[in-house]
**Student:** 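The structure that follows is given in the form of structure tokens.
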Amino acid sequence: MPKKLNLKLDKKPVDMRKFWQRLWRLIAPSHRHIIYLFILISAYEIFKFVGPYLLKRIIDLIADFRPEHIKDILVFIALILVFDLVVAIIDYFVDKESFKILAEVERYLAVNAQTKMVRLGLAYHERENTGNKMFKIRRGVDKIIELLMNSFFEVGPTIIQVVLTGLIMFFVDWRFGLIFSLFVPLFAWLTAKLNLEIGPLRKFRHDKYEEAAGKMAQTIININTVKSFVQEEREIKEYGKIAEETKEVDLFEHFKMLKFNFSRMTVITMGRILVMLFGVYLVWQGNITIGSLVFIITISEKSFISLFRISRLYDRIMDSSEAIDRLYKLNREEPDIVNPKNGLKVNELKGAVEFKQVDFIYRDSKIKALDQVSFKINAGCFTAFVGPSGGGKTTVARLIYRHYDPAEGAVLLDGRNLREYDLSSFRKFMAIVPQEVEIFDSSVKDNITYARPGASFKEIAAAAKIANAAEFIEKLAQSYNTLVGERGVKLSGGQRQRIGIARAVLANPKILIFDEATSNLDSYSEKLIQEALSKISQGRTVIVIAHRLSTIQKADKIIVLENGKVAEQGSHFELAKMSGGLYNKLLSLQRMGDIK
């Protein structure tokens, strides 16, 4: 381990009040059960003091033994057994309630995280690393469960025990209480000082955990590229470097904890010795009985030892604070796209779309993706968008879906501003076939029915036939029940596209968007998809984003985008005749084979 780490650390201390408030909000559904549990724990700890007190009475009777004391001694012994049984019964209910709470918390935290992930907008998911998000959720949930387990079984009971011990020691002799009261705060101060010093190291370590998780996820997701370009060793080296940095910080942090542990143990030992010496002195002076001394030593020893144990647990709780804080921030993340409270819900759409003076710029970009863009897409018509890469074509599709809102201007759907609609209400009338169809690690049937899980097999087969997918699906080992692998790795690019089209057909949308769906396909696959497009375009608003102009020559309107602006619009024949126009230029280049 290096003697000194040259790290840029966030020295801002952990706000403990804010941390506990955030944790309390995260576990809001369990508040009532947790309060009930701590009532049980308090009763459990109170009854645990009865046994040592009865033992004190027995020792005092034995120390001043007379025959008539035998009856009292036997009664006290019987009471010890009774109260031990009571403690065991309460302990059973404490454990039962604890496990119920832990199971329920783990369930709803995971469900809430999943809900938050699917509710957040596309902008969030595009800027956040997949591995980081998954690690943040899993580690946050695990740390909350670990913290609650420590609180229910160790920290909570011990705090109650320490408070009761202090009160009892004051009651027996105020000087015992004073000794206890001096050493407990000193111990707590050392623990707080330790966590203040290593807090920035924990934050840095958790940053490294997320970086490592993100790196591993990206390597696995892009494993084909890694292997194709023989970059295995590079990926291993880069991940190993992150792991090494994490290890160094981890060791530095824990060695610092060990130094503080020596100081904390010294304080505990001094407190224990002082209580014993002072107790012996009081017995010698005749101020307390031997039974009282045994009682004081018994409860103070338990408290001092428990205090050191919970300090170690407190260190782990503080280690959890960073993970929990990140989960809390994720839980409080607000979607970029806000669904209107009383949004317009429609049972039918015509499918007319209009852009009015729309400006749009992506986060962390200085260039407008769309600049004062205006156009109309008539309902039931075939409209195509073409132009150079980066012209804003895909951005148009995202705004139509309202994955993003324009910075200026408005997007209208059937004459109403898209912001007025309930998101689910209008999106259910839309379907998209992107350039890279997202395929789930499930069966062909499940992937086709994703938009309509309750569709009959007859409807599934009909959609596959329209998409020209039925032929290859029926040749698969288990036909529609064939598992396609993660991201559809068992299928070709053309097959994935046709499953995507079948999925869109089954959704029966009013607006169907093809976002460069044929750009990466061979001629045969492109021909099949063009045939499918012709079959499903009847009675729908079809929007096609294309590089290959051969796919959109039958469009009712072609809109040419360049540098985020509408350069031209019209039919294929109108634009082809425009000498010097961008569409005419693109058409000439494709005919010459300079671009495809």
Side-chain angles (χ1 to χ4, degrees), residues 14-42 44-45 90-119 130-160 191 195 198-199 202-203 205-210 212-214 216-217 246 250 253-254 257 306 309-333:
V14 176
D15 187 333
M16 290 309 303
R17 182 180 177 185
K18 187 180 289 185
F19 164 69
W20 289 110
Q21 286 175 342
R22 288 177 171 182
L23 175 64
W24 192 239
R25 288 186 195 129
L26 282 171
I27 57 174
S30 299
H31 285 179
R32 187 169 57 85
H33 294 285
I34 291 172
I35 292 169
Y36 169 65
L37 174 62
F38 274 96
I39 291 171
L40 284 177
I41 290 172
S42 299
Y44 173 75
E45 290 300 327
I90 297 173
D91 187 41
Y92 167 79
F93 285 105
V94 166
D95 288 350
K96 183 179 178 181
E97 189 66 21
S98 297
F99 290 128
K100 281 170 61 179
I101 292 170
L102 290 171
E104 180 62 14
V105 168
E106 187 167 18
R107 181 198 65 79
Y108 67 68
L109 283 178
V111 171
N112 289 349
Q114 165 76 353
T115 303
K116 176 60 69 174
M117 284 290 100
V118 298
R119 298 288 187 211
T130 301
N132 288 6
K133 288 183 286 190
M134 300 307 296
F135 181 82
K136 195 179 293 182
I137 292 168
R138 190 64 262 165
R139 191 168 183 82
V141 172
D142 288 345
K143 286 295 182 181
I144 288 177
I145 297 302
E146 181 183 317
L147 186 150
L148 290 178
M149 285 183 69
N150 289 332
S151 299
F152 296 164
F153 297 114
E154 298 283 351
V155 180
T158 303
I159 290 173
I160 294 169
T191 300
N195 284 284
I198 65 176
R202 285 181 179 137
K203 188 176 188 309
R205 177 160 51 85
H206 279 269
D207 286 340
K208 286 295 174 184
Y209 285 152
E210 287 190 14
M216 181 174 285
T246 307
D250 201 14
E253 176 187 333
H254 284 91
M257 286 176 62
S306 296
R309 190 172 70 249
I310 67 165
S311 73
R312 303 291 294 270
L313 293 169
Y314 181 77
D315 295 340
R316 286 159 62 185
I317 288 172
M318 289 300 94
D319 184 50
S320 304
S321 66
E322 187 61 37
I324 292 168
D325 188 57
R326 292 174 189 225
L327 180 64
Y328 174 82
K329 287 176 180 175
L330 172 65
N331 197 57
R332 304 293 289 183
E333 188 84 35

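As the structure is a prediction and not an experimental result, all values here were calculated from the model.
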**Student:** Drop me the distance from Leu37's CG to Lys100's NZ, to the nearest 0.5 angstrom.
**Tutor:** 10.5 Å
**Student:** So, do Phe99 and Phe153 have ring centers that fall under 6.0 Å from each other?
**Tutor:** yes
**Student:** Can you tell if the side chain of Ile144 reaches within under 4.5 Å of the side chain of Leu148, non-hydrogen atoms only?
**Tutor:** yes
**Student:** For Arg138, what residues pass the salt bridge (Lys or Arg N to Asp or Glu O under 4.0 Å) criterion, not counting sequence neighbours?
**Tutor:** Glu106, Asp142
**Student:** On a heavy-atom basis, which atom in Trp24 and which in His31 lie closest, and how many Å separate them?
**Tutor:** O-NE2, 2.6 Å
**Student:** Between Tyr44 (side chain) and Phe38 (backbone), is there a donor-acceptor pair under 3.5 Å?
**Tutor:** no
**Student:** Locate the shortest heavy-atom distance separating Leu327 from Gly140; write the atom from each residue and the value.
**Tutor:** CD2-C, 3.7 Å
**Student:** Can you list everything that forms a side-chain contact (heavy atoms from CB on, under 4.5 Å) with Gln114? Sequence neighbours excluded, please.
**Tutor:** Val118
**Student:** How about Ile137 and Lys116: do any of their side-chain heavy atoms sit closer than 4.5 Å?
**Tutor:** no
**Student:** Roughly how far apart are Ile101 CD1 and Ser30 OG, rounded to 0.5 Å?
**Tutor:** 6.5 Å
**Student:** Looking at CG of Leu23 and CG of Leu147, how far apart are the two atoms once the value is rounded to the nearest 0.5 Å?
**Tutor:** 5.5 Å
**Student:** Could you pull out the closest heavy-atom pair between Ile145 and Leu102, with the gap in Å?
**Tutor:** CD1-O, 3.6 Å
**Student:** Rounded to the nearest 0.5 Å, what's the gap from CZ on Arg332 to CG on Leu26? Could you check?
**Tutor:** 9.0 Å
**Student:** Within a radius of less than 6.0 Å around CE of Met117, do more than 12 heavy atoms belonging to other residues, nucleotides or ligands occur?
**Tutor:** yes
**Student:** Hey, could you give me the CD1/NE2 distance between Ile35 and His33, rounded to the nearest 0.5 Å?
**Tutor:** 10.5 Å
**Student:** Would you check if Asp95 and Phe152 make a side-chain contact, meaning some heavy-atom pair closer than 4.5 Å?
**Tutor:** no
**Student:** Could you tell me whether the side chain of Asp250 and the main chain of Thr246 form a donor-acceptor pair under 3.5 Å?
**Tutor:** no
**Student:** Who pairs with Leu40 by side-chain contact (heavy atoms from CB on, under 4.5 Å), at least two apart in sequence or on another chain?
**Tutor:** Tyr36, Phe93, Val94
